[in-house]
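Please read the structure below before turning to the comments.
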2 protein chains.
Amino acid sequence: MKPKLSDVAEEAGVSPTTVSRVINNHGYLSAATKQKVYDAMATLNYQPNSLARSLKGKKSHIIGLIFPGITNPFFAELIEKLEKQLFLQGYKVILCNSADDVAKERNYLQMLIANQVDGIITGAHNLGIEEYQNTNLPIVAFDRRYTDGMPMISSDNLQGGILATDTLYQAGAKNIYFMGNPNQKGNPTDRRLQGYRQQMAKLGLENHVFPIFFDETPKIKQVSIQQFLKKKQADGIICSDDLTAILVLQTARELNIQVPNDLKIIGYDGSNFIRTYFPELSTVVQPMDDIVMMLVESLINRITNREDKLEESDFILPVSLYHGGTV
Amino acid sequence: MKPKLSDVAEEAGVSPTTVSRVINNHGYLSAATKQKVYDAMATLNYQPNSLARSLKGKKSHIIGLIFPGITNPFFAELIEKLEKQLFLQGYKVILCNSADDVAKERNYLQMLIANQVDGIITGAHNLGIEEYQNTNLPIVAFDRRYTDGMPMISSDNLQGGILATDTLYQAGAKNIYFMGNPNQKGNPTDRRLQGYRQQMAKLGLENHVFPIFFDETPKIKQVSIQQFLKKKQADGIICSDDLTAILVLQTARELNIQVPNDLKIIGYDGSNFIRTYFPELSTVVQPMDDIVMMLVESLINRITNREDKLEESDFILPVSLYHGGTV
DNA sequence: TTGTAAGCGTTATCAC
DNA sequence: GTGATAACGCTTACAA
């Protein structure tokens with residue numbers, strides 16, 4: 001059987017209290033006692049049981065991460081960096097893949113509550129506000145607006161949309177299409193489209209949206225992109241994410257459309273992965289490191305200091321441009 | 001405060017025991033009582049505390065996943081699929097990023113024990129056998145040999161090396177290089193190199209290894225690949241992973257080396273991501289779905305039936321070839 | 001400086 | 001059918 005605290009106590013010839021004190025560095029202890037306890041812990045190969053500890057009201061030092069998946073390199077990097085930062089601060093991570101499935105996200109949320117996580121970082125799409133409100137856990141959101149009380153971190157999606165549009169325009173494109181989800185559901189990412197529309201209006205150009213949905217498989221996207229490109233209506237395309245942009249680029253090549261001469265393409269996200277393995281793609285870069293810092297800092301603030309007054313808690317970080325060769 | 005079981009009991013006018021029974025479907029209960037309890041749970045928005053439950057010896061239904069990172073699409077997909085399968089079986093997942101850092105891996109291992117996970121799936125590289133042996137948790141390993149008792153699932157790395165070599169040879173390459181980690185540490189993946197050497201010998205060709213290490217950054221890899229390609233010694237390269245293969249392909253294009261005419265390239269792993277977004281890359285495909293199935297099944301067997309005799313527990317799954325255009 | 005005892009939220013055992 | 005009660009492994013007043 002796994003050794004428990006009282007076994008250590010017995011082995012060391014002291015009381016359980018003392019062992020607990022040694023483990024937690026509580027109060028005054030003679031060096032000799034400490035040593036005895038350490039020795040006992042070593043000989044028994046003792047590991048404290050976190051569950052019992054958290055049950056006593058201590059923090060679990062676990063953070064739940066709810067994201068729609070990890071195969072998109074942007075999310076993979078974001079999650080990897082979050083994990084890294086949180087680990088440095090002494091937190092471990094439970095990964096919840098909401099997979100664009102409402103039931104699953106709800107299920108995970110309940111599980112996180114049941115497991116007494118100290119907080120949650122969510123970047124998932126589907127769940128409504130109320131469900132998150134009902135947990136009075138510290139939660140911060142990435143690129144999602146949930147509740148007024150909940151801090152939201154995002155990059156400047158409006159500016160990103162403007163920047164992309166302007167970049168294509170400056171490069172000579174006039175028939176600029178936005179390829180992405182046209183449904184505005186009040187999420188911060190909607191503003192990419194708003195930025196595009198706003199800038200197109202300013203430039204006196206007509207705006208066009210070619211709908212692509214997040215949950216379509218790449219194959220399906222490819223087919224509709226192919227049909228679209230064959231019509232040759234666009235000389236510039238803003239994709240609302242890099243993966244879509246790559247499909248457009250591939251398809252354009254297959255159709256012998258010259259990029260950037262006949263068609264300029266710009267993506268969105270700009271993860272390290274994309275910039276390394278698709279260096280030719282021009283894209284709007286989200287400041288990943290800053291996003292991670294803000295998310296973690298913001299969450300830990302809320303965890304350690306929950307009575308904090310709910311000051312303005314939205315952070316919108318500036319985007320930048322990466323010049324590949326597709327513009 | 002969060003409602004607890006006794007609150008529900010009070011609300012429903014029954015004893016805590018009864019509530020527990022309702023929750024766990026234990027023994028005989030009158031329909032009326034059940035309903036009262038359900039109602040009380042609903043009005044209080046009660047969530048059972050998993051910690052207390054696990055403390056009582058119940059399973060935690062949490063599986064630890066220890067992997068070296070998630071930015072490699074192969075691992076991202078593997079982890080995503082593992083998570084999905086495990087979720088279907090009622091398990092949740094704690095993600096541990098060992099990040100090729102021994103201390104971190106050890107730290108995570110201890111944490112998993114402390115949190116009473118039901119089992120572990122590991123694909124991490126750095127920790128020695130003993131540390132895993134000491135936990136008497138159910139553990140299964142992907143592509144790593146740890147202990148004789150621990151099941152190992154991998155794809156047929158030897159055959160993969162042979163297949164890659166043969167493919168290049170059949171396509172006309174004679175100066176075939178292997179690009180990967182030359183250090184043989186007894187891991188199953190070492191056999192990719194062995195397969196290459198074996199097949200080269202059989203073909204009467206000289207074998208050459210160009211060393212690339214897993215922990216090098218892409219930039220560093222790029223530089224050494226560039227230097228290598230400039231010498232033009234190879235007319236065929238087997239890369240021990242797809243990401244390296246992509247760097248080779250990129251660099252070859254930069255140097256105006258014609259692929260596949262002057263240089264044939266073959267990668268290794270063949271994730272969906274790579275096949276979708278780099279369809280031109282020929283690669284040895286690991287049977288991801290089968291790997292996931294075997295890992296999960298094998299682990300759950302061990303969890304539910306720990307006294308199982310330690311029958312042969314290594315599974316080596318067949319690889320296949322994806323034909324892009326680089327061979 | 002160290003020990004005793006109560007309690008965290010749940011479940012299992014035994015009574016009724 | 002249902003209810004006391006002890007126990008899981010740990011922490012923390014309160015004593016000593």
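In what follows, every chain begins at residue 1, and chains take the letters A, B, ... in the order their sequences are listed.
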May I ask you to verify if any side-chain N or O of [X] is less than 4.0 angstrom from the OP1 or OP2 atom of [N]?
| X | N | value |
| --- | --- | --- |
| A:Lys2 | D:dG9 | no |
| A:Arg53 | D:dC10 | no |
| B:Asn49 | C:dC8 | no |
| B:Thr18 | D:dG3 | yes |
| B:His26 | C:dT11 | no |

**Study point:** Atom pair CD (B:Glu80) and CE (B:Met288), whose distance is rounded to the nearest 0.5 Å
**Key:**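 Those atoms lie 10.0 Å apart.
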Practice item. Between B:Gly13 and B:Leu55, just flag the one whose closest nucleotide in DNA chain D comes earlier from the 5' side. Key: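 This one resolves to B:Gly13.
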Practice item. Measure the acute angle between the ring planes of A:Phe273 and B:Phe273, then classify it against the limits of 30° and 60° as parallel, tilted or perpendicular. Key: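 Judged by the thresholds at 30° and 60°, the geometry between A:Phe273 and B:Phe273 is perpendicular.
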Exercise for review: Return the orientation label for the A:Phe214 and A:Phe75 ring planes: parallel under 30°, perpendicular over 60°, tilted otherwise.
Suggested key: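 Because their plane-to-plane angle is over 60°, the rings of A:Phe214 and A:Phe75 count as perpendicular.
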Expressed in angstrom and rounded to an integer, what is the separation of [X] atom [atom1] from [N] atom [atom2]?
| X | N | atom1 | atom2 | answer |
| --- | --- | --- | --- | --- |
| B:Leu5 | D:dG3 | CG | C1' | 13 Å |
| B:Asn25 | C:dA12 | CG | P | 13 Å |
| B:Asp7 | C:dG9 | CG | P | 8 Å |
| A:Lys59 | D:dT11 | NZ | C1' | 16 Å |
| A:Leu44 | D:dG9 | CG | P | 14 Å |
| A:Met41 | D:dC10 | CE | P | 11 Å |
| B:Tyr28 | D:dG3 | OH | C1' | 19 Å |
| A:Lys36 | C:dT1 | NZ | C1' | 12 Å |

Donor-acceptor pair present, [X] side chain and [N] base, under 3.5 Å:
| X | N | value |
| --- | --- | --- |
| B:Thr17 | D:dA4 | yes |
| B:Ser54 | C:dT10 | no |
| A:Lys56 | C:dG7 | yes |

Among [options], which nucleotide sits nearest the side chain of [X]?
| X | options | answer |
| --- | --- | --- |
| B:Tyr46 | C:dT10, C:dG9, D:dG3 | C:dT10 |
| A:Lys58 | D:dT11, D:dG1, C:dT10 | D:dT11 |
| A:Ser30 | C:dT1, C:dT11, C:dG9 | C:dT1 |
| B:Arg21 | D:dT2, C:dT1, C:dT4 | D:dT2 |
| A:Pro48 | D:dC10, D:dT11, C:dA12 | D:dC10 |

Practice item. Test the B:Lys4-B:Tyr46 pair against the cation-pi criterion, namely NZ or CZ under 6.0 angstrom from the six-membered ring centroid and within 45° of the ring axis. Key: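 No, cation not above the ring by the 6.0 Å, 45° rule.
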Exercise for review: Return yes if a side-chain donor-acceptor contact under 3.5 Å exists between B:Thr189 and B:Asp143, otherwise no.
Suggested key: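 No donor-acceptor contact under 3.5 Å links the two side chains.
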Review point. More than 12 non-hydrogen atoms from neighbouring residues, nucleotides or ligands closer than 6.0 Å to CD on B:Gln47, yes or no?
Key: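 Counting neighbours around CD of B:Gln47, more than 12 heavy atoms of other residues, nucleotides or ligands fall under 6.0 Å, so yes.
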Exercise for review: Name the nucleic acid region contacted by B:Leu29, choosing base, sugar-phosphate or nothing; use a 4.0 angstrom heavy-atom cut-off, strictly under.
Suggested key: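 Touches sugar-phosphate only.
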